[in-house]
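To start, the structure itself, in C-alpha cells.
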Amino acid sequence: CFLTMKETDREAVATAVQRVAGMLQRPDQLDKVEQYRRREARKKASVEARLKAAIQSQLDGVRTGLSQLHNALNDVKDIQQSLADVSKDWRQSINTIESLKDVKDAVVQHSQLAAAVENLKNIFSVPEIVRETQDLIEQGALLQAHRKLMDLECSRDGLMYEQYRMDSGNTRDMTLIHGYFGSTQGLSDELAKQLWMVLQRSLVTVRRDPTLLVSVVRIIEREEKIDRRILDRKKQTGFVPPGRPKNWKEKMFTILERTVTTRIEGTQADTRESDKMWLVRHLEIIRKYVLDDLIVAKNLMVQCFPPHYEIFKNLLNMYHQALSTRMQELASEDLEANEIVSLLTWVLNTYTSTEMMRNVELAPEVDVGTLEPLLSPHVVSELLDTYMSTLTSNIIAWLRKALETDKKDWVKETEPEADQDGYYQTTLPAIVFQMFEQNLQVAAQISEDLKTKVLVLCLQQMNSFLSRYKDEAQLYKEEHLRNRQHPHCYVQYMIAIINNCQTFKESIVSLKRKYLKNEVEEGVSLSQPSMDGILDAIAKEGCGGLLEEVFLDLEQHLNELMTKKWLLGSNAVDIICVTVEDYFNDFAKIKKPYKKRMTAEAHRRVVVEYLRAVMQKRISFRSPEERKEGAEKMVREAEQLRFLFRNAAPRRAGWGKPGFGEDVDGYCDTIVAVAEVIKLTDPSLLYLEVSTLVSKYPDIRDDHIGALLAVRGDASRDMKQTIMETLEQGPAQASPSYVPLFKDIVVPSLNVAKLLK
C-alpha cells in the first residue's frame, strides 16, 4: 500500500510538471503565474470537496448496512424460536389427531348420506324418467330427452363418486348403483343413434329443418363440456363414471366423414358393360353432388355449428380425401384409353376449374392452391404411360383398318368421289386426320405436354403408315398390270392415291400449326421431311404407273412411227394425240404440283418415244423427195404434239410468262431439229447441221448421230467418218436447266462401224 502511494505521488508530480510546462511556454505567460496559481487552487478545493462528500456518502451507506444486518440477525433468532415451539406443539398433538378418526369417518358418511338425500327424488323416479326419456327420443324431442338423460347420469355419477370416496375398493356397491341405473347407458346409445341419423342427413336437414341440426349440435356441445369437467376431476380424484368420456364431437366428425365417403361411392350408377360412358356419367354426378354439398355447407351449415368447429373447412377436407380415395380406386382399375382421358381430365382440370372448386359461390373459403393433388404424380404418370401405350396400339389398329377399307374402294366399279375443286380423292386422309384430331383434342384437355406427346406419336405412326400405303399402292399397280381389265377404275383411283399424298402433306402441316406452339420441338420438326419424301415417292410411283398405262395403250401406234406405213399416210400421231388427250381428261383431276409434273413427264416421254422411233432406223429415205416429205410430216406432227400439250399444261398467268409452256416448245423443238437434219438437201452442210443439233442437245451420242444419218440414207461413208471423228473431239457442255432427252434412247445393236459400212 505504501509503495502504491509513492507511485501515485510520483505520477501526480509528473502530471503537475507537465501542466506547468504547458502553461509557461512563452515569457509573457510569467505575468499570469499568480492567476494560474489561484485557478489551480480553486480546482483543488473543488476536487477535495467532492472527495469528502463521496467518502461521507460511503460511510453513511456502510452504517445503514450494518444496522440492517443486526436487525436480520435478531429476526432469524425469533424465527428459530418459533419453529422450535411449533415442533413441540406438533409432537404433543399426534395422539389427539388419531383420536379424531371416528369423526372423519362420520363426516364422510354424512357427505354420502347428504348426496343420497339430495338425489333421493331422482333415485325413486329413475324408472319413470327412463320411460319419459324414451318417449321423448321416439318423438324427436332430442333436447328435452337429453336434459332428462343428463339428470339420470348426474344422479348416478354423484352416488358412484361418493361411494368411490368412501370405499373405492367396494365393487359390490358400485355394481349395485351401476345396475340400478343400467337403462341410462341404453338411453344414451339410443339418443346417439338419433343424433347420428340427423348428422348423416345433415345436408338435407339443414335446408328443411335447421333447428333440428342446431339441437343436435347443442347436445354434442353439452356432452363435450361434461367430458371436460369429468376429465378435470379425474386428475384430482381418479374417478371416471362409466361411459365417459363419450367423445361425441369426435364421433360426429367420424359420422360426417363416413357419410361423405358413402355419398361419393354411391354415385356410380352404371358399369362398363351397361354403359360405355359410365365413367363420364359417374364423374359428372360426383362433380354436381360435391359442388352442391359444399355450397350448402358454406351458406347454411356454418350457421348451425360453433365457429371453433370449422365445419366447412373440415367438410372440405373430408370431400377432398374421399374424392382422392375414389380417384385412386378408379385409377387402379383396368381402364380403357378414353376412360383414362376422362379420369385425368376430371382430376387435373375439371376439379380445379370454375365448374367445381373455383366456383364463385365457394370463394374465398376454398383456395385451390392449398389443395393436395387428388392423384399423386406417380399415379398420373402411370396412367399416362398406360394411355400412350393403349393409344399407340389403337392408332396402329385404326390406321390398318382405314387402309384396308380404302383398299376395298380401289376395286370398285364406280369412280372415286371428287372434292369441291373436282380432284379425285378417297376418304382415307379425312378418316386418318379426323382420328388424329380427336385424340389431340382429348389430350389437350389434359395437358400441353400430353398433347405434344400424342402429336409426336401420331406423326411417328403416320410415318410407318405411309410406308405401308406406298407398298399397297405398288401392289395395286402390279396387280393391274397383270390384268389391265381389272380394276375397272384403276386410273381414277390411282389419281385419287396421288391426290391423297398432297392432302396428307397439307393436313400434316395444318396439324402441326394447330397443335404445336413451337415448330422446332424435338422429334416433331424432323418428321416432316421424312414423310414428305415418302409421299412424294408414292405420288411419283403413282404418276409413273399412270404413264405406263398410257404408253401401254400407245405402244402399237408408237411402233408405226418412222415406218413405210407412216410415210405413206399413217394416222398414228392422230390416234396418239386422241389417246393422250383422253387420259389427260382424267389427269386434269390430279392436284398440283403433281399435275404439272405428270403433264411435263408425259410430254417428255411422248417426245422421247418419237425420237426413239427415229433412232430405231425403221426406215431409210431413198430420195430427197422422201426425206423432204418425211421431215415435213415430222414437223407437222411436232406441231400437233405441241398443240396437244399446250392445252394440257397447267396454265399460270399466261403463255407469255416463264412456265411450263417453255418446256412444251423445247421438247417439240427437238423433233423439229431432227427433222431439219433429215430434210437438208445439201449434203455438204450436213456436218454443220449435225453440229448445231449436238450443241443444242449435249446428251446425244455418236450412235444416235449414226442412226440419224442412216435414216437420211444419203450420207457417204467418208462423210459419216468425218462427222463422227469431229464430234468426238469436242463434246458439248450441257446447261444446268437442260432436260436430257436422248440419254435413255437405246439404238438397236448395230455398232458405229457397221453403220459406217
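Worth knowing before you read on, the calculation uses all heavy atoms, side chains too, and leaves out hydrogens, waters and symmetry mates. In what follows, residues are counted from 1 in the order of the sequence shown.
- From Ile431, atom CD1 reaches atom NZ of Lys401 across 10.0 Å, with rounding to the nearest 0.5 Å.
- When only modelled atom types and interatomic distance are considered, Gln640 and Asp574 share a side-chain donor-acceptor pair under 3.5 Å.
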Side chain to side chain contact (heavy atoms under 4.5 Å, CB included) evaluation trace for Leu399 with Arg468: CA-CA 10 Å; Leu399 290 174; Arg468 294 195 298 273; 4.0 Å; yes
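- Considering only residues two or more places apart in sequence or on other chains, Phe742 meets the ring pair (Phe, Tyr, Trp, His ring centres under 6.0 Å) condition with Tyr697, His704.
- Between the side chains of Glu549 and His480, at least one donor N or O sits under 3.5 Å from an acceptor N or O.
- For Arg712 and Phe621, the positive end is not near the middle of the six-membered ring at less than 6.0 Å and at most 45° from its axis.
- Here the closest non-hydrogen pair linking Phe645 and Val606 is CZ-CG2, 3.7 Å.
- The distance from the CG atom of Leu686 to the OG atom of Ser691 is 9.0 Å, given to the nearest 0.5 Å.
- Residue Ala675 comes nearest to Ala631 through the heavy atom pair O-CB, 3.3 Å, listed as atom of the first residue, atom of the second, then distance.
- By the 30° and 60° cut-offs, the orientation of the rings of Tyr469 relative to Trp410 is tilted.
- Side-chain atoms of Asn439 and Val442, non-hydrogen and from C-beta on, never get closer than 4.5 Å to each other.
- Summarising the local packing, NZ of Lys564 is surrounded by more than 12 heavy atoms from other residues, nucleotides or ligands at distances under 6.0 Å.
- Each of Lys407, Lys408, Lys477, Arg400 was checked for a salt bridge (charged side-chain N to carboxylate O under 4.0 Å, His left out) with Glu472, and the lone residue meeting it is Lys407.
- Between Leu428 atom CG and Leu403 atom CG the span is 6.5 Å, to the nearest 0.5 Å.
- Taking 4.5 Å as the limit, some side-chain heavy atom of Leu511 sits within range of a side-chain heavy atom of Glu437.
- No more than 12 heavy atoms of other residues, nucleotides or ligands shown are found within 6.0 angstrom of NZ on Lys540.
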Side chain to side chain contact (heavy atoms under 4.5 Å, CB included) between Lys617 and Val747, worked out: CA-CA 9 Å; Lys617 304 184 295 297; Val747 177; 3.4 Å; yes
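- One finds no salt bridge joining Lys628 and Glu625 here, because no Lys/Arg side-chain nitrogen approaches an Asp/Glu carboxylate oxygen to under 4.0 Å.
- Using a 4.5 Å cut-off on side-chain heavy atoms (C-beta onward), Thr563 and Ile619 make no contact.
- For the pair Lys679 and Glu676, the salt-bridge criterion is not met [side-chain N within less than 4.0 Å of a carboxylate O].
- No salt bridge links Lys696 with Asp669; every basic N to acidic carboxylate O contact stays at or beyond 4.0 Å.
- Side-chain rings of Tyr476 and Tyr490 approach one another, their centers coming within less than 6.0 Å.
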Full working for side chain to side chain contact (heavy atoms under 4.5 Å, CB included) between Thr599 and Tyr594: CA-CA 9 Å; Thr599 307; Tyr594 302 125; over 6 Å; no
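- The side chain to side chain donor-acceptor pair (under 3.5 Å) test with Lys591 singles out one residue from Asn500, Asn499, Thr503, Asp421, and that residue is Thr503.
- Across all their heavy atoms, Asp586 and Ile495 have their closest contact at O-CD1, 3.2 Å.
- Side-chain atoms of Arg612 come within 3.5 Å of backbone atoms of Asp744 as a donor-acceptor pair (strictly under, hydrogens ignored).
- With a 4.5 Å cut-off on side-chain heavy atoms, Thr579 and Ile575 count as touching.
- For Glu689 (side chain) and Leu685 (main-chain N/O), no donor-acceptor pair under 3.5 Å exists by modelled atom type.
- In this structure, Asp699 contributes its side chain and Pro740 its backbone to no donor-acceptor pair below 3.5 Å.
- Judged by distance alone, with hydrogens and angles left aside, the side-chain atoms of Arg701 form a donor-acceptor pair with the main-chain N or O of Ile745 at under 3.5 Å.
- Across all non-hydrogen atoms, the minimal contact from Leu561 to Arg618 is O-NH1, 3.0 Å.
- In this structure the side chain of Ser620 never reaches within 4.5 angstrom of the side chain of Val711, judged on heavy atoms.
- For the ring pair (Phe, Tyr, Trp, His ring centres under 6.0 Å) test with His603, the passing option among Tyr667, Phe587, Phe643 is Tyr667; the others fail.
- Arg482 places a side-chain heavy atom less than 4.5 Å from the side chain of Glu479.
- Of the candidates Lys633, His557, Glu560, Glu560 is the only one forming a side chain to side chain donor-acceptor pair (under 3.5 Å) with Ser570.
- Ion pairing of Asp409 with Lys412 is present here, as a side-chain N (NZ or NE/NH1/NH2) and a carboxylate O approach within less than 4.0 Å.
- In this structure, a donor-acceptor pair under 3.5 Å is present between the side chains of Asp553 and Tyr583.
- For the atom pair SG (Cys501) and CD (Glu541), the distance works out to 9.5 Å, reported to the nearest 0.5 Å.
- A salt bridge links Arg642 with Glu639: the distance from a Lys NZ or Arg NE/NH1/NH2 to an Asp or Glu carboxylate oxygen falls below 4.0 Å.
- A 4.5 Å side-chain heavy-atom check between Ile498 and Leu546 finds at least one atom pair inside the cut-off.
- In this structure, Tyr387 and Val454 have side chains that are in contact, with non-hydrogen atoms separated by less than 4.5 Å.
- Residues that satisfy the side-chain hydrogen bond (donor to acceptor under 3.5 Å, both in side chains) test with Gln502, not counting sequence neighbours, are Glu506.
- Here the SG atom belonging to Cys458 is positioned 6.5 Å from the CE atom belonging to Met435, to the nearest 0.5 angstrom.
- Separation of atoms CZ (Arg605) and CG (Leu547) is listed at 6.0 Å; rounding is to 0.5 Å.
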Candidate pair Gln616 and Asn559, rule side chain to side chain contact (heavy atoms under 4.5 Å, CB included), full reasoning: CA-CA 10 Å; Gln616 293 291 320; Asn559 289 334; over 6 Å; no
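- Side-chain atoms of Ser447 do not come within 3.5 Å of backbone N or O of Ala443 as any donor-acceptor pair.
- Here the closest heavy-atom approach between residue Thr414 and residue Tyr493 is recorded as O-OH, 3.0 Å.
- The side-chain hydrogen bond (donor to acceptor under 3.5 Å, both in side chains) search around Tyr610 returns Glu637, not counting sequence neighbours.
- Surrounding CD of Glu478 are more than 12 heavy atoms belonging to other residues, nucleotides or ligands, all under 6.0 Å away.
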